[in-house]
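Have a look at the structure below, then the notes.
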There are 2 protein chains.
Amino acid sequence: MAKTLLDRSDAVRALAGVFRRRGFESGSLSVIQHETGIGRGSLYHFFPDGKSDMARAVLDQVSVWFDEHVFEPLRATEKGADAVRAMCREVGAYFVSRERVCLYAAMTLGEERATFAESVRAYFTDWVEALSTALQHGGLSDDAADAAALDAVATIQGGLILARAYDDDQTLLDIVARVEKRLLDALA
Amino acid sequence: MAKTLLDRSDAVRALAGVFRRRGFESGSLSVIQHETGIGRGSLYHFFPDGKSDMARAVLDQVSVWFDEHVFEPLRATEKGADAVRAMCREVGAYFVSRERVCLYAAMTLGEERATFAESVRAYFTDWVEALSTALQHGGLSDDAADAAALDAVATIQGGLILARAYDDDQTLLDIVARVEKRLLDALA
DNA sequence: GTCTATAAAGCGATAGAC
DNA sequence: GTCTATCGCTTTATAGAC
């Protein structure tokens with residue numbers, strides 16, 4: 001692991017894993033160094049401003065992923081039901097493979113929440129608005145679509161909490177499946 | 001504040017506030033000392049094992065509150081719809097007055113989650129099972145009640161995340177109101 | 001029960017060699 | 001790009017006076 005000559009996005013991926021497992025505030029530099037196998041020098045080479053730089057980079061990478069795999073498809077897919085199905089598939093697989101942690105949700109707790117408050121808000125409004133758009137494409141009124149989208153995102157986020165509390169991926173997948181069913185029923 | 005001769009439950013209440021605002025892991029002893037007005041000596045007098053002792057005491061106090069105000073009424077109230085209405089009223093008011101933070105949900109993240117994993121699991125299973133019992137009293141089948149209860153708790157927990165992300169109590173209250181409506185519709 | 005002083009450890013961050 | 005050594009500060013926890 002030592003002489004691997006990483007690039008920055010390798011480092012960001014490794015950091016995201018540590019932050020998901022240990023939280024943003026715990027994960028000391030020594031822990032980060034140990035768990036990522038990236039030395040102190042490299043860390044400060046990639047992230048000159050230290051931990052807040054790391055957090056920003058990790059959140060940005062999550063944001064890019066969701067834009068590409070979730071938000072844009074929700075807005076662009078013509079058939080609302082297809083858009084809903086695709087979202088549930090992508091999101092379920094994503095969180096199962098990412099330790100059942102939404103790093104943006106994690107950022108609503110803890111000391112430094114103010115630092116990232118604006119991008120956290122943007123992440124959730126983007127998600128809710130994109131889903132609402134898809135539901136409107138499927139025939140729902142603006143208000144009904146907004147409410148259903150907000151409830152769906154909330155239920156998925158709560159599903160992550162319960163999946164962690166129960167230490168069980170299937171809890172999340174079942175909840176996502178029922179969210180999908182409810183949304184499809186509303187469109188029918 | 002200095003010579004007030006507090007008792008332990010005053011200290012627990014003050015600690016809960018700090019943990020909700022700053023998170024379990026941040027909130028250093030200096031911060032705790034400053035924000036609670038309780039000196040280092042008193043803190044270690046009440047909580048000899050330090051921070052983990054404090055966390056345990058705070059979680060226990062939350063558990064007692066929910067048992068008394070939420071779980072027991074859910075199990076005991078004969079009319080399922082009344083039980084659901086009471087739960088939504090209590091829970092909405094509770095979280096609005098507690099910085100929109102569920103400390104048990106917060107414990108599913110971060111370094112020390114393993115320490116409290118068992119009591120976190122118990123909190124959520126108690127809630128879900130008590131709500132499921134109420135829904136069964138209202139006429140739902142076991143399976144339907146279990147699923148509806150799990151989804152309801154998840155949606156409320158996600159509602160807390162969104163309310164923090166949007167910095168808006170009404171987001172939570174709206175979500176809780178729609179959860180209530182959905183449960184009552186299912187009982188009708 | 002509360003205070004202050006302090007010990008011992010760990011922290012984030014920097015410097016400079018390679 | 002990576003490493004190690006180190007600075008200066010903060011942390012948790014303890015000790016002992018009141």
Side-chain angles (χ1 to χ4, degrees), chain A residues 1-59 61 103 106-107 109-116, chain B residues 1-19 21-59 61 106-107 109-116:
Chain A
M1 193 81 79
K3 286 270 154 60
T4 315
L5 270 78
L6 314 146
D7 66 6
R8 200 182 126 107
S9 77
D10 292 327
V12 173
R13 249 182 300 278
L15 280 173
V18 179
F19 286 144
R20 286 194 181 90
R21 283 189 298 275
R22 335 253 327 191
F24 277 106
E25 340 232 88
S26 36
S28 68
L29 273 214
S30 325
V31 166
I32 290 171
Q33 187 176 359
H34 185 252
E35 292 196 11
T36 61
I38 304 174
R40 245 178 172 60
S42 307
L43 247 14
Y44 276 93
H45 172 74
F46 290 127
F47 310 100
D49 289 347
K51 273 187 84 176
S52 67
D53 232 1
M54 301 176 201
R56 165 67 57 194
V58 166
L59 287 178
Q61 191 197 249
L103 286 170
M107 261 302 173
L109 289 168
E111 205 162 20
E112 335 185 41
R113 65 176 120 177
T115 313
F116 298 99
Chain B
M1 193 83 78
K3 287 268 154 62
T4 316
L5 272 77
L6 313 147
D7 65 7
R8 199 181 127 107
S9 77
D10 292 328
V12 173
R13 247 183 302 279
L15 281 173
V18 179
F19 286 146
R21 284 189 298 277
R22 334 254 326 191
F24 277 106
E25 339 232 89
S26 35
S28 67
L29 275 212
S30 325
V31 166
I32 290 171
Q33 185 175 0
H34 185 251
E35 292 196 12
T36 62
I38 305 173
R40 243 176 174 61
S42 308
L43 249 13
Y44 276 94
H45 172 73
F46 291 127
F47 311 99
D49 289 346
K51 277 187 82 177
S52 66
D53 231 2
M54 301 178 201
R56 165 68 56 194
V58 166
L59 287 178
Q61 191 196 250
M107 262 303 173
L109 288 169
E111 206 161 20
E112 336 185 41
R113 66 175 119 177
T115 314
F116 298 99

- For A:Arg20, all residues meeting side-chain hydrogen bond (donor to acceptor under 3.5 Å, both in side chains), sequence neighbours excluded: A:Tyr94
Does [X] have any salt bridge (Lys or Arg N to Asp or Glu O under 4.0 Å) partners at least two apart in sequence or in another chain, and if so, which?
| X | answer |
| --- | --- |
| A:Arg40 | none |
| A:Glu111 | B:Arg22 |
| B:Arg56 | none |

Between [N] ([atom2]) and [X] ([atom1]): distance, integer Å:
| X | N | atom1 | atom2 | result |
| --- | --- | --- | --- | --- |
| B:Glu111 | C:dG10 | CD | P | 13 Å |
| B:Asp10 | C:dG1 | CG | P | 12 Å |
| B:Lys51 | D:dA13 | NZ | P | 9 Å |
| B:Gln33 | C:dC3 | CD | C1' | 10 Å |
| B:His34 | D:dT11 | NE2 | P | 13 Å |
| A:Asp53 | C:dT14 | CG | P | 11 Å |
| A:Glu25 | C:dG10 | CD | C1' | 17 Å |
| B:Ile32 | D:dT11 | CD1 | C1' | 12 Å |

Can you see if the side chain of [X] gets near the phosphate of [N] - specifically, an N or O under 4.0 Å from OP1 or OP2?
| X | N | value |
| --- | --- | --- |
| B:Ser30 | D:dT11 | yes |
| B:His45 | C:dG1 | yes |
| B:Ser28 | D:dT10 | no |

- Which residue pairs satisfy the ring-ring contact (aromatic ring centres under 6.0 Å, His included) criterion with at least one member in residues 11-58 of chain A, sequence neighbours excluded? A:Phe19-A:Phe24
- Query: Which nucleotide in the set C:dA13, D:dT2, C:dT2 lies at the smallest distance from any side-chain heavy atom of A:Leu29?
  - Reply: C:dA13
- Task: Between D:dT11, C:dC11, C:dT2, spot the one nearest the side chain of B:Ser42, thanks.
- Result: C:dT2
- Query: Is it true that A:Lys51 and A:Glu112 have a side-chain N and a carboxylate O under 4.0 angstrom from each other?
  - Reply: no
If you restrict it to nitrogen or oxygen atoms, what contacts under 3.5 Å exist between nucleotides 14-18 of chain D and the protein, and what is each distance?
none

- Could you walk me through whether A:Leu15 and A:Gln61 pass side chain to side chain contact (heavy atoms under 4.5 Å, CB included), step by step? CA-CA 11 Å; A:Leu15 280 173; A:Gln61 191 197 249; over 6 Å; no
